[in-house]
Amino acid sequence: MARRTRRHPSAADSARPSSQRPTPSPRRSGATARRPMCMEARDLIRRAPDPTDGRGCLLALTETGRDTLREAAPTHLDSVRRHFVDRLEPEELAILGRIAEKIADEQ
């Protein structure tokens, strides 16, 4: 079953030793904090306290969020295929698949 919640990084995460910090996002700015607020205002996600770390929170899709994701998925997948998958040779896709499996096994 797919994971339906995601831990949202808190300011306290930066106080942790680097070996204990969540993997940083490519962009760390005020936009990172505002994005969940906007999604929550649109009833796409809800926040819940993180039971393992009271300084952060967990984000979960609402039913509206799941419906929105289902609606957007075909267009998004078509774009990923056009801009990424279709540009790779079968051998490159096989290598990418092995890399993805290796990374997923470590999660």
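For the numbers below, each heavy atom of this structure counts, side chains included, while hydrogens, waters and symmetry mates do not. Positions are given from 1 along the sequence. The shown structure was predicted, so the numbers you read here are calculated from the model rather than taken from an experiment.
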### Task
Tell me whether M37 is reachable from L59 by hopping between hydrophobic residues (I, L, V, M, F, W, Y) whose side-chain heavy atoms are closer than 4.5 Å.
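L59 does not cluster with M37.
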### Task
May I ask whether L88 and V85 are part of the same hydrophobic cluster, defined by side-chain heavy atoms of I, L, V, M, F, W, Y residues being less than 4.5 angstrom apart, directly or through others?
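Result: yes, single cluster for both.
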### Task
Begin with the C-alpha distance, continue with both residues' side-chain angles, and end with the deciding distance and a verdict on salt bridge (Lys or Arg N to Asp or Glu O under 4.0 Å) for E101 and R98.
CA-CA 5 Å; E101 287 173 5; R98 288 195 302 275; over 6 Å; no
Straight-line distance of [X] [atom1] to [Y] [atom2], nearest 0.5 Å:
X	Y	atom1	atom2	result
R46	E40	CZ	CD	10.5 Å
F84	L96	CZ	CG	4.5 Å
I99	E92	CD1	CD	10.5 Å

### Under-4.0 Å salt bridge between D67 and R70
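Yes, charged N to carboxylate O under 4.0 Å.
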### Task
Would you check if P36 and I45 make a side-chain contact, meaning some heavy-atom pair closer than 4.5 Å?
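They are in side-chain contact.
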#### Entry: side chain to side chain contact (heavy atoms under 4.5 Å, CB included) assessment of R82 paired with S79
CA-CA 5 Å; R82 239 184 13 258; S79 178; 4.3 Å; yes
### Query
What pair of heavy atoms forms the shortest contact from T68 to L44, and how long is it?
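T68 and L44 have their closest heavy atoms at OG1-CD2, 3.5 Å.
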### Query
Do other residues, nucleotides or ligands put more than 12 heavy atoms under 6.0 Å from E71 CD?
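Not buried by this count: 12 neighbours or fewer within 6.0 Å.
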